[in-house]
Each structure stands twice: as structure tokens, then as C-alpha cells.
Protein chains: 2
Amino acid sequence: MASTSSKNAAQTANALWSKQAKTNSELFALTYGALVAELLRDLEDPSKITEELDRMGHSIGVRCIEEVLAKAATDSVSQNFSESADILKIAFRMFLGVIIETRNISDTSYAVTISENPLTIFVELPPNTKIEYSQILAGMVRGMLEMLQFDVSARVTSTVLTGGETNEIVVDLKQILQEGAGEDYQDE
Amino acid sequence: MASTSSKNAAQTANALWSKQAKTNSELFALTYGALVAELLRDLEDPSKITEELDRMGHSIGVRCIEEVLAKAATDSVSQNFSESADILKIAFRMFLGVIIETRNISDTSYAVTISENPLTIFVELPPNTKIEYSQILAGMVRGMLEMLQFDVSARVTSTVLTGGETNEIVVDLKQILQEGAGEDYQDE
């Protein structure tokens with residue numbers, strides 16, 4: 001079914017990744033850690049911190065997807081929601097250097113599995129912490145898909161940090177946006 | 001004089017860089033931008049923001065240098081301050097992927113030039129801004145040198161962002177620390 005397209009996505013992703021300017025992942029993880037620590041100091045409330053990380057991720061995702069589309073020369077984005085998972089594969093490889101797996105749940109929902117989460121290299125959370133440390137990734141997914149006209153919710157459903165077997169984000173389609181709605185939103 | 005050692009430093013740096021796990025520099029720059037924006041929202045006062053970036057950089061530098069020394073197998077760090085510039089060359093290549101130049105000013109002072117600053121890819125500061133946007137790099141330099149027993153001040157003296165010809169950090173030696181002082185400090 002989508003296997004040919006998935007294979008192409010993986011090849012495109014690898015080729016694009018090799019051309020990106022890069023920074024050390026550990027420095028990236030430490031800088032992200034500094035960001036979360038600063039939010040913790042400023043906002044205290046875990047749900048507000050998670051919300052803020054989501055908002056930052058959304059804004060970064062909106063920015064990143066333009067480049068994915070430009071560099072992957074994917075000018076015709078499919079209206080098929082399930083196929084947007086292939087764009088995410090390219091984006092995660094291109095920006096985080098990681099290979100993700102996706103799994104269809106229904107016509108309007110899929111799960112993204114990130115085996116190696118570069119954000120959490122040095123992180124140990126205190127027990128019972130309520131912050132969704134990697135929420136920025138879910139925000140990025142939401143921002144990227146919004147630019148593809150898919151209004152989604154993206155939830156972190158499992159993380160290794162909190163004892164889960166893997167890192168998983170579940171993406172649910174809420175509605176397909178009108179052409180141009182994403183751009184309007186971006187100008188807000 | 002130090003040319004053989006500098007050349008070795010460059011070779012070591014290139015070899016180490018090729019082995020590092022990496023992330024996209026643009027994503028790094030956007031994440032750092034989110035950190036600065038959050039500090040701006042929280043602290044408002046430009047000098048406090050710069051101070052906070054310096055503190056974060058110091059903490060990251062203390063962390064990074066351990067790995068530079070471990071991976072570069074430089075167990076015998078020279079007591080000669082000028083030669084610490086070679087360690088910085090390795091560190092900047094290894095963590096930011098960039099090649100820096102250093103220039104001796106005196107026996108207790110040198111300048112570090114960073115032609116391409118990966119932090120500022122997308123940044124345009126409003127005119128007359130008082131934030132030293134890349135202060136985290138100066139903080140990193142300070143933290144790294146402290147672990148080599150050199151207590152220094154590290155000041156951003158020129159940035160392309162604010163119309164300078166290049167990005168320069170001037171490092172001044174204040175004192176050579178007693179063996180073990182760096183570790184004590186780190187435990188604080």
C-alpha cells in the first residue's frame with residue numbers, strides 16, 4: 001500500500017539529512033534542558049509549562065515544514081491524512097536526525113514512535129513529575145500538520161523518561177482546514 | 001611556536017566532530033531563540049537576561065569540557081594559558097560544528113573569532129537592543145576554562161547581529177585556580 005511511498009520518504013529523508021548544517025545533539029539536549037528549567041522557574045505550574053512547550057513546538061513546526069516541503073520538492077501534498085505520516089518521517093530525520101516509525105490507528109489517527117529521543121539524553125525526571133518534557137515534539141507535529149491543512153491534536157502517550165517502553169505521540173485529525181487557513185493562523 | 005599544536009587541535013577536532021551525534025543547526029537555533037524569548041518574557045531586564053544566558057552557558061561549558069578532555073584524550077592539560085585556546089578550538093568544533101580562530105592579545109588574554117555563529121541563523125534584533133544574544137557562548141568559554149583551572153572573564157566584544165564585522169569573544173585570565181577548585185565549584 002503505502003510501502004513504496006514510505007521507502008521513498010526514507011530515502012529522501014536520508015539524502016536531506018546528509019546536507020543539513022548540524023550541531024552536536026548533546027549541546028542541543030543541554031540547551032533544551034536549560035529552556036525547560038527556565039520555564040519551570042518562571043511558570044512553576046506543570047500544565048502551563050507543557051502548554052508553553054507545545055506552543056513553542058507549534059511555532060517551530062510551522063517554520064520547519066516549509067523547509068521540508070521546499071527541500072523535499074513535495075509540492076503536491078496529498079489530501080490523504082495517513083500519508084502525512086511520510087512527511088513527518090522526512091521532517092524528523094531532517095531536523096532531529098532520528099528515524100521514526102508510524103502506525104495507522106484509523107483513517108483519522110496514527111501513532112508516531114521515536115525510539116531515540118535526542119531531547120532526553122541527559123534527563124532524569126523526579127518521580128511523579130507532571131511536566132511532559134518532550135511536549136515540544138508534539139507541538140512540532142501539530143504545527144507541521146497544520147501547514148499541510150490538517151488540524152490535529154498531538155498527544156505524548158508514552159515516554160521512556162517516565163518508564164514507558166518507547167516514546168510515542170498519537171496524532172488525531174480534528175478537521176481538514178480550508179486552503180490558506182494555515183497561513184492566516186501563522187500571521188496572528 | 002604553537003602552530004604544530006594548533007594543527008593537531010584542528011585534526012583532532014575534525015575527527016571528533018565526525019563521530020558526534022548531531023541535530024539540525026536550524027532546529028538548534030530556533031530552540032535557542034525560544035529560550036531567549038522566554039527569558040525576555042520572564043525577566044525583561046536585558047542585563048539580567050544576558051547574565052542568565054551567561055550562567056546557562058557556564059553550566060553547559062562545565063559539562064562539555066569533560067567530554068572534550070575525555071574524547072580528545074588530552075589528560076595532561078597545559079598550565080600555559082595561551083594553549084587553552086587549542087582546547088576551545090576542539091570544543092567549538094565538537095559541540096557547535098564550527099571552526100574558530102584565536103588570536104593572542106597578551107600572555108593573559110586572547111580573542112576568539114567565530115565567523116559563523118550557528119545561534120543566529122534566523123535572528124534579527126530590534127535596533128538598540130541591549131541583550132547580548134550569544135552570551136551563552138561566552139558563558140560556555142568561561143565554564144570550560146574554569147574546569148582547566150583558569151578563572152577568566154569572557155566578554156562578547158563584537159557580533160555580526162549588531163553590525164560588527166565578525167563575532168568575537170575576548171577572554172581575560174583573572175587567576176589560575178588551585179587544583180580541585182573547579183570541582184568544588186561545580187558541586188555548589
Side-chain angles (χ1 to χ4, degrees), chain A residues 13 16-44 48-49 52-68 71 90-98 116-119 121-122 136-137 139-140 143, chain B residues 13 16-44 48-49 52-64 66-68 71 90-98 116-119 121-122 136-137 139-140 143-144:
Chain A
L16 285 172
W17 171 241
S18 70
K19 288 186 211 152
Q20 300 301 302
K22 300 182 190 75
T23 309
N24 187 304
S25 289
E26 294 178 10
L27 179 60
F28 175 64
L30 290 170
T31 304
Y32 183 71
L35 171 62
V36 177
E38 160 58 22
L39 285 172
L40 194 58
R41 202 176 63 101
D42 178 23
L43 301 176
E44 291 174 16
K48 278 195 188 150
I49 294 168
E52 190 60 17
L53 290 172
D54 192 80
R55 195 194 57 73
M56 290 169 174
H58 177 270
S59 147
I60 290 174
V62 165
R63 189 89 185 224
C64 287
I65 195 68
E66 288 178 4
E67 208 165 321
V68 175
K71 293 212 174 144
I90 297 177
F92 270 80
R93 181 78 171 125
M94 209 172 132
F95 283 92
L96 289 145
V98 298
E116 292 183 54
N117 180 352
L119 294 177
I121 307 179
F122 301 110
I136 202 167
L137 298 181
M140 281 174 68
Chain B
L16 285 172
W17 172 241
S18 69
K19 289 185 211 154
Q20 301 301 302
K22 301 182 188 75
T23 309
N24 187 306
S25 289
E26 294 179 10
L27 179 60
F28 175 63
L30 291 169
T31 304
Y32 183 70
L35 171 61
V36 177
E38 160 58 23
L39 285 171
L40 194 58
R41 203 176 62 103
D42 178 23
L43 301 174
E44 290 174 17
K48 279 196 188 152
I49 293 168
E52 190 59 19
L53 289 172
D54 192 78
R55 195 194 56 73
M56 289 170 174
H58 176 271
S59 147
I60 290 174
V62 164
R63 188 92 187 222
C64 287
E66 289 178 4
E67 206 164 323
V68 175
K71 293 213 174 144
I90 297 176
F92 270 81
R93 182 76 172 125
M94 210 171 131
F95 282 93
L96 289 145
V98 298
E116 292 182 54
N117 180 352
L119 295 177
I121 308 177
F122 301 110
I136 201 166
L137 298 181
M140 281 175 70
M144 290 192 279

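None of these values were measured; they are calculated from a predicted model. Order of the sequence lines fixes the chain letters, A, B, ..., with proteins taken first and strands second; residue numbering starts at 1 for each chain.
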Taking all atoms of both residues into account, what is the closest heavy-atom pair of [X] and [Y], and its distance?
X      : Y       : value
W17(A) : K22(B)  : CH2-O, 3.3 Å
L35(A) : E38(B)  : CD1-CB, 4.3 Å
N24(B) : Q20(A)  : ND2-OE1, 2.9 Å
R63(A) : F122(B) : NH2-CD2, 3.0 Å

Heavy atoms of other groups near E116(B) CD, more than 12 under 6.0 Å: no
Shorter than 4.5 Å, heavy atoms on both sides: which option in V36(A), I60(A), L27(A), I121(A) has the most such pairs with chain B?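 Highest number of heavy-atom pairs under 4.5 Å: L27(A).
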Quick check on the interface: out of C64(A), A34(A), G97(A), who has the most heavy-atom pairs with chain B under 4.5 Å?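 Ranked by heavy-atom pairs under 4.5 Å with chain B, first place is A34(A).
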Toward chain A, the part of L39(B) with a non-hydrogen atom under 4.5 Å: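 For L39(B), backbone and side chain are both near chain A.
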Classify the side-chain pair T23(B)/T23(A) by whether it contains a donor and acceptor separated by less than 3.5 Å.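 No donor-acceptor contact under 3.5 Å links the two side chains.
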Donor-acceptor pair, side chain of S25(B) and main chain of A21(A), under 3.5 angstrom: yes
